[in-house]
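First the structure, in the form of structure tokens, and then the observations on it.
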Amino acid sequence: MITSTTHTSRIQTQDAVTARGLRKTYGKGETEVAALKGIDISFPAGKFTAIMGPSGSGKSTLMHCLAGLDTATAGTIHIGGTEITTLNDKALTQLRRDQIGFVFQAFNLVPTLTAGANITLPVQLAAGTVDKEWFDFITTTLGLTDRLAHKPHELSGGQQQRVAVARALLTRPQVIFGDEPTGNLDSRSGAEVLGMLRRSTQEMGQSIIMVTHDPVAASYADRVVLMSDGELVGELDNPTADSVLAALSKLGA
Ligand SMILES: Nc1ncnc2c1ncn2[C@@H]1O[C@H](COP(=O)(O)OP(=O)(O)OP(=O)(O)O)[C@@H](O)[C@H]1O
Ligand SMILES: [Mg+2]
């Protein structure tokens, strides 16, 4: 266990992300699809939440709306203290850059840059200064110290995804969103990355929201929320792979 008094000062009591009355409808008339049918949910700061449910239940739609990548049809979304549904494009882009980290299924690393340069790229694009101490802490915690000079193709899948996690953590975002972040990894590398995500909540106070189909991946989270047909249909605290599997089979997933 790494202890760091200077790095765990994030306030744990507030919600990182909140949605109220969230609706998303695609298309019009006969082709209309109600992907989100009025979602009310809060994601506490410093917690790791997994979103699960059958294919087509609205998981990605929910995540994309919460992250400001897609516009909601109705409802409100707060990230930290900011209501995002009323922001203009410029403010939203800035909020995404400063307050949100992303870890996707494909690692999305720049192939020509070293691991270290990939991690600092968002800070540099925002013309910010890299907090060297925080960079060292993250890369040490993620076990990347001796891989920083390597290009992505010289790294394993798990190492590449840990670079993507480090890149997301470096800006100290209000929340990190992951859509199947271990979907492309073998089970050992997946476990490595999920363990790191969990440690980032426990040791750095990071808030994480992850969509996954995998009950084992979900068992790393503090909480699992279950979706079905555009609605929230349940949740589990301190999930295990077995309890998640049982809850999913009740949904017919
Ligand atoms: N751009 C779009 N246009 C029209 N319908 C869409 C669009 N994107 C998603 N949908 C529909 O909205 C519903 C929810 O889709 P979503 O991608 O959120 O599901 P999901 O839970 O992420 O599924 P999966 O597990 O397969 O990734 C589905 O019925 C889908 O067909
Ligand atoms: Mg999806």
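Numbering of ligands and ligand atoms starts at 1, following listing order. Note that the coordinates shown come from a computational prediction; the quantities given were computed from them, not determined experimentally.
- V110 and F102 are assigned to two separate hydrophobic clusters, defined by single-linkage of ILVMFWY side chains at heavy-atom distances under 4.5 Å.
- Following chains of ILVMFWY side-chain contacts shorter than 4.5 Å, one cannot reach L121 starting from V163, and the two form parts of different hydrophobic clusters.
- In D89, the CG atom is not crowded: 12 or fewer heavy atoms of neighbouring residues, nucleotides or ligands sit closer than 6.0 Å.
- Excluding water, every protein N/O/S atom under 2.8 Å from the Mg ion (ligand 2) is given here by residue and atom: S60 OG.
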- Task: Report the C-alpha separation of S60 and D179 in whole Å, then their side-chain angles, then the decisive distance to 0.1 Å, and conclude whether the side chain to side chain donor-acceptor pair (under 3.5 Å) test is met.
- Result: CA-CA 7 Å; S60 295; D179 199 349; 3.1 Å; yes
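- Annotation: the span from E180 atom CD to K59 atom NZ amounts to 7.5 Å, rounded to 0.5 Å.
- Within 4.0 Å of ligand 1, heavy atoms belong to protein residues Y26, V33, A35, P54, S55, G56, S57, G58, K59, S60, T61, H213.
- With a 4.5 Å cut-off on side-chain heavy atoms, R167 and N108 count as touching.
- Of the possible polar contacts, one joining the E83 side chain to the I77 backbone as a donor-acceptor pair under 3.5 Å is found.
- A cation-pi contact, defined as under 6.0 Å to the ring centre and within 45° of the axis, links R223 to F43.
- Formation of a donor-acceptor pair under 3.5 Å by the D131 side chain with backbone atoms of W134 is found in this model.
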